[in-house]
**Student:** 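Here it is: the structure, laid out below.
Worth saying up front: this structure is predicted, and the values here are computed from it rather than measured.
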Amino acid sequence: MKKTAFVIGGIAAGLAFPAWAGEVSYGVEGQVSGAYGYSDIRPRHHGVGKGSVYSYVEYEFDADSSMSAHLDLMGGVDKELKDYNQGDWGEEVWANADTKYGQVMAGQVYNVASLLHSGAPMAGVLSSNSEVADFLHNPNWRRTKKETRFATLNATDINTDGVAPKISYITPEVWGSALGVSWMPDSYNRRGLINKHAGYAHKDGFAAGVYSDHRWGNINSKTSLGYAQYHGNDKEFSAGLNLNRGNWTLGGGVRKTYIDGDDKSTPKRELPDDFDSYREGYAWSIGAEYEIGPFATAVSYFRSKQHGADNSNGVLVWSNKLQLNKYAEVYVAAARLNYRFNGEKDDGYAGVAGVGVNF
């Protein structure tokens, strides 16, 4: 956090110089939501609440240049995976500079390979595979205040370092394409996949990503490629594709992780079985979304597996969102999970309903 504060402080200081030459703006917005679900595997009945507040102050030099500072706060109640920065709650403090030469971000943000990733569309209350775990317990993914285990990958974007403090740069767009790079001096973050007691937890890493956005007649395509290397941990590749035509969006993503050479890392203490088996595995997803007016419905399937072992999971989600007005929305979703973990296997279904309020 000290490194983050130093970087943010240096950039934010530029917001006040010279304040009379441009325009200053600021804003605060957020959302709170609650959901309740029933499943035929643990937990049978479960409710989850969460909320987020996003705030910023921006100084615009001219039409091509601006700087901004951001403070985002979020928290959750009864979440299965306690993957906010501080467990039940978290923060993102970061600064951004936009110029005709590109975009620079510094602080607690996701890496560029994750930010630029195009994957399977999801909607509403189950908008990520981690949220499905709130209603369908998955032993491959465990994040409590005292223990972390990811025996398999939980996303197709490269999310291993979470929002660990970093510096990122994204080039200006050329022919609908841009390239970005991120460097993190310490790869550990509770929102990521790394156990803090792993021997490689606090080593540095970097990530790179590229995206392209093009129009082909009535179809708009978004493609992405990502690469990351976490020193002492693993190397990762990702790719994604979205195709949009009218109200329809089809998309999917893939991700591969592997350990380069002999794995010589040693934990600092005894850790649970397969606490970092995600380091050698793969994941893929595919999905479709239809939006009409205030209503959106999406179906997606996610699959991940540990290389050379049976640890695996498949997650099928059908999620719906109806925007009642600019302040309120309702959700209805269904999910199916099947998993294998250390010889144990199970599958189950869940139905979930919820409401959200925007402000």
Side-chain angles (χ1 to χ4, degrees), residues 27-39 43 45-54 72-81 83-84 90 92 110 114-115 117-136 138 154-157 159 191 219-220 222 224 240-253 285-302 314-337 348-359:
V28 179
E29 62 181 28
Q31 182 190 58
V32 292
S33 65
Y36 183 82
Y38 172 81
S39 68
H45 302 267
H46 192 57
V48 174
K50 62 179 182 177
S52 303
V53 177
Y54 309 99
D72 304 332
L73 301 174
M74 56 286 298
V77 178
D78 290 334
K79 288 179 63 64
E80 172 76 7
L81 298 180
D83 54 0
Y84 293 117
E92 295 175 24
Y110 290 97
S114 177
L115 292 175
H117 182 69
S118 299
M122 302 181 76
V125 66
L126 300 181
S127 57
S128 75
N129 299 301
S130 292
E131 290 179 325
V132 174
D134 289 334
F135 304 97
L136 288 168
N138 185 348
N154 68 339
T156 57
D157 65 293
N159 62 346
R191 294 203 199 183
I219 297 177
N220 189 73
K222 295 182 178 180
S224 64
L241 170 65
N242 269 187
L243 298 174
N244 173 264
R245 186 179 188 275
N247 298 331
W248 287 95
T249 299
L250 304 177
S285 64
I286 189 169
E289 180 180 35
Y290 181 76
E291 287 188 81
I292 180 167
F295 176 71
T297 182
V299 177
S300 66
Y301 180 74
F302 173 84
V315 182
L316 177 64
V317 177
W318 176 38
S319 193
N320 305 273
K321 179 178 72 172
L322 177 63
Q323 192 80 40
L324 300 178
N325 52 48
K326 68 177 182 178
Y327 298 110
E329 53 196 26
V330 295
Y331 318 110
V332 177
R336 179 181 186 273
L337 166 71
Y349 297 84
V352 182
V355 295
V357 177
N358 305 299
F359 58 88

**Student:** According to side-chain hydrogen bond (donor to acceptor under 3.5 Å, both in side chains), who are the partners of N220, at least two apart in sequence or on a separate chain?
**Tutor:**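 Per chain and number, N220 pairs via side-chain hydrogen bond (donor to acceptor under 3.5 Å, both in side chains) with D213.
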**Student:** A328: which residues meet the side chain to side chain contact (heavy atoms under 4.5 Å, CB included) condition with it, sequence neighbours left out?
**Tutor:**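 Checked A328 against side chain to side chain contact (heavy atoms under 4.5 Å, CB included); matches are L324, N325.
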**Student:** Sequence neighbours left out, what passes side chain to side chain contact (heavy atoms under 4.5 Å, CB included) with F359? Give chain and number order.
**Tutor:**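 F359: side chain to side chain contact (heavy atoms under 4.5 Å, CB included) contacts with V32, V53.
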**Student:** Can you name the residues that form a side chain to side chain contact (heavy atoms under 4.5 Å, CB included) with A335, not counting sequence neighbours?
**Tutor:**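 With neighbours one apart ignored, the set is L126, V132, L136, V317.
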**Student:** Which residues pass the side chain to side chain contact (heavy atoms under 4.5 Å, CB included) test with S33, sequence neighbours left out?
**Tutor:**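 Only K50, Y331 meet the side chain to side chain contact (heavy atoms under 4.5 Å, CB included) criterion with S33.
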**Student:** If the condition is side-chain hydrogen bond (donor to acceptor under 3.5 Å, both in side chains), which residues does Y301 pass it with, not counting sequence neighbours?
**Tutor:**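 None.
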**Student:** Please list all pairs meeting side chain to side chain donor-acceptor pair (under 3.5 Å) that have one or both residues in residues 348-359, counting only residues at least two apart or in different chains.
**Tutor:**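 The answer is Q31-N358, R336-Y349.
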**Student:** List the atom of P121, the atom of S300, and the distance in Å for their closest heavy-atom pair.
**Tutor:**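 Here P121 and S300 meet closest at O-CB, 3.9 Å.
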**Student:** Any heavy-atom pair between the side chains of L241 and S118 that's under 4.5 Å?
**Tutor:**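 Heavy-atom side-chain distance check fails, nothing below 4.5 Å.
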**Student:** Under the salt bridge (charged side-chain N to carboxylate O under 4.0 Å, His left out) rule, collect the residues that match up with E92, sequence neighbours excluded.
**Tutor:**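 Partners of E92 by the salt bridge (charged side-chain N to carboxylate O under 4.0 Å, His left out) criterion, ordered by chain and then number, come out as R191.
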**Student:** How many angstroms lie between atom NZ of K79 and atom CD of E131, to the nearest 0.5 angstrom?
**Tutor:**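 If we round to the nearest 0.5 Å, K79:NZ and E131:CD are 5.5 Å apart.
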**Student:** Test of understanding: with side-chain hydrogen bond (donor to acceptor under 3.5 Å, both in side chains), list the residues that count as partners of N320, not counting sequence neighbours.
**Tutor:**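 Here the qualifying residues are T297, W318.
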**Student:** Can you list the residues that meet the salt bridge (charged side-chain N to carboxylate O under 4.0 Å, His left out) rule with K321, with sequence neighbours excluded?
**Tutor:**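 Partners of K321 under the salt bridge (charged side-chain N to carboxylate O under 4.0 Å, His left out) test: none.
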**Student:** Holding to ring-ring contact (aromatic ring centres under 6.0 Å, His included), I want the full list of residues that pass it with Y327, two or more places apart in sequence or in another chain.
**Tutor:**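 None.
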**Student:** I'd like to check the side-chain hydrogen bond (donor to acceptor under 3.5 Å, both in side chains) partners of N154; sequence neighbours left out, ordered by chain and number.
**Tutor:**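 By the side-chain hydrogen bond (donor to acceptor under 3.5 Å, both in side chains) rule, N154 matches S130, N159.
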**Student:** Tell me, do L337 and F135 make a side-chain contact under 4.5 Å, heavy atoms counted?
**Tutor:**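 When only atoms from C-beta onward are counted, F135 and L337 do not touch, as no gap falls below 4.5 Å.
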